[in-house]
Trainee: 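Okay, here's the structure, questions in a sec.
Order of the sequence lines sets the chain letters (A, B, ...), proteins ahead of strands, with each chain counted from 1. No hydrogens, no waters, no symmetry mates; every other heavy atom, side chains included, goes into these values.
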Protein chains: 2
Amino acid sequence: MKNQDFINKLRNSGLRPTKQRIKICEALFNTEKTFHFTVNDLAKMMQKNFNEKISLATVYNTLHAFKKKGYVKEISLGNDKSYFDTNISSHHHFYDTKTNELIDIDSSKIELKNIPNPPKGKSIKEIDVVINVENDSQ
Amino acid sequence: MKNQDFINKLRNSGLRPTKQRIKICEALFNTEKTFHFTVNDLAKMMQKNFNEKISLATVYNTLHAFKKKGYVKEISLGNDKSYFDTNISSHHHFYDTKTNELIDIDSSKIELKNIPNPPKGKSIKEIDVVINVENDSQ
DNA sequence: CTTCTACTTTAGACTGATTATAAACTGATA
DNA sequence: TATCAGTTTATAATCAGTCTAAAGTAGAAG
């Protein structure tokens, strides 16, 4: 994908294609594989690999905007900070509770049967399966 | 359960039965139903319902000790604060992302099939299923 | 090409949950 | 009853995330 594609993508979704947003698009979507990251990871990556100092507030703003547009997903873990994922397909995770390592599991790999009805008046938005793992004790 | 039972329970697991820990046991385990709470919830509950002002730091210490002993569970949600659960049986949750309401789902209700093998060298510790729900739009 | 305006970015202040600290306290044991 | 390691406590410190108000910028209009 080229810069112009990102510019169009941003414009089409009502986000002004600013220098910062375009650079973040490059960092997130010009990769072969999808990946997980924290806000801090991304801010540091922008500075180191893209030579672009972007304010933390802007990184937060941009990620939340991208999340709302469905360009990234946010992952909930038993951790103080939140993780983002450029893999936006429906999928689950292995999570190493000791190292905080995250590994995708394709949603087709796990079959969920007998999902109970949601409480009255509520409807299901998404189902997250987190398989907590740990290194075998040596 | 009486106080003496809690004292024994604590002593048997290597925790000194202090006044604060015994009171917290009463609050958590002398109930008909299991329930969910935050650290703040518990601190306030201790003061109001048990007339016992317990320092926040102690509430944190005690809950972490109880968690390590398996007397409570901690629940991971996409939320800044963490939730505890006196239901220590293996189970899952409905989670209302708007109201932060949590509802238990017995683990027998959901069938998980084809759980993939964990990454090499790691083993599965626990599987958490969170069904995110939202109020139907009116 | 300039002007204008609404949308963005930014540094830094702020918040709220959690953890660390260091002094005072207390249960268990001799 | 004296001792001491384990606990509690108030408070300071930390850290992710949000807010704010000022400065910057994209895009439309002239």
Trainee: Go through the side-chain N and O atoms of B/His36 and B/Asp104 and say whether any donor and acceptor fall under 3.5 Å apart.
Mentor: yes

Trainee: Taking atom C1' of C/dT18 as reference, at what distance in whole Å does atom CG of B/Asn79 sit?
Mentor: 14 Å

Trainee: Measure the distance from CD1 on B/Ile22 to C1' on D/dT8 and round it to the nearest whole Å.
Mentor: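 Between C1' of D/dT8 and CD1 of B/Ile22: 14 Å.
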
Trainee: Give me the ring orientation class for A/Phe84 and A/Phe37: parallel if the planes are under 30° apart, tilted from 30 to 60°, perpendicular past 60°.
Mentor: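 A/Phe84 vs A/Phe37 ring planes: parallel.
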
Trainee: Reckon B/Tyr60 has a side-chain N or O less than 4.0 Å from the OP1 or OP2 of C/dT18?
Mentor: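 So the side chain of B/Tyr60 is within the cut-off, an N or O lying under 4.0 Å from OP1 or OP2 of C/dT18.
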
Trainee: Could you identify which residues of residues 66-73 of chain B place a heavy atom less than 4.0 Å from some atom of DNA chain C, listed by residue number, or say none?
Mentor: none

Trainee: Starting at CG of B/Asn132, measure out to OG1 of B/Thr97 and round the result to the nearest 0.5 Å.
Mentor: 6.0 Å

Trainee: Below 30° counts as parallel, above 60° as perpendicular, anything between as tilted: where do the rings of A/His93 and A/His91 land?
Mentor: perpendicular

Trainee: Please give, in whole Å, the distance from C/dT18 C1' to B/Leu42 CG?
Mentor: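 Distance check: B/Leu42 CG to C/dT18 C1' gives 15 Å.
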
Trainee: Are the side chains of A/Phe29 and A/Val72 in touch, meaning some heavy atoms are under 4.5 Å apart?
Mentor: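 A side-chain contact exists here, since the closest heavy-atom pair is under 4.5 Å.
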
Trainee: To the nearest 0.5 Å, what is the distance between CG (B/Asn87) and CG (B/Leu102)?
Mentor: 11.5 Å

Trainee: Scan nucleotides 3-16 of chain C nucleotide by nucleotide, 5' to 3', and note B when protein non-hydrogen atoms come under 4.0 Å of the base, S if they reach only the sugar-phosphate, - if neither.
Mentor: ---BBSSBB-----

Trainee: In terms of side-chain heavy atoms, does B/Tyr71 have a donor or acceptor partner in B/Ser13 at a distance below 3.5 Å?
Mentor: yes

Trainee: Rounding to a whole Å, what distance do you find between A/Glu74:CD and D/dA16:P?
Mentor: 15 Å

Trainee: Which pairs pass side chain to side chain donor-acceptor pair (under 3.5 Å) with one or both residues in residues 20-32 of chain B, sequence neighbours excluded?
Mentor: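 Sorted result for residues 20-32 of chain B: empty, none.
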
Trainee: Could you state the atom-to-atom distance from NZ of A/Lys44 to C1' of D/dC15 in whole Å?
Mentor: 12 Å

Trainee: On DNA chain C, compare the nucleotides closest to B/Ile7 and B/His64; which residue's is nearer the 5' end?
Mentor: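 It is B/His64 whose nearest nucleotide is closer to the 5' end.
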
Trainee: Taking OP1 and OP2 of D/dG27, is either one under 4.0 Å from a side-chain nitrogen or oxygen of A/Arg11?
Mentor: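 Answer is yes, contact under 4.0 Å.
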
Trainee: Examine the side chains of B/Thr38 and B/Asp41 and answer whether a donor and an acceptor come within less than 3.5 Å of each other.
Mentor: yes

Trainee: Whole Å only: how far is the CZ atom of A/Phe37 from the P atom of D/dA16?
Mentor: 16 Å

Trainee: Considering every strand and a 4.0 Å limit on heavy-atom distances, what is the contact class for A/Ser82: base, sugar-phosphate, or nothing?
Mentor: sugar-phosphate

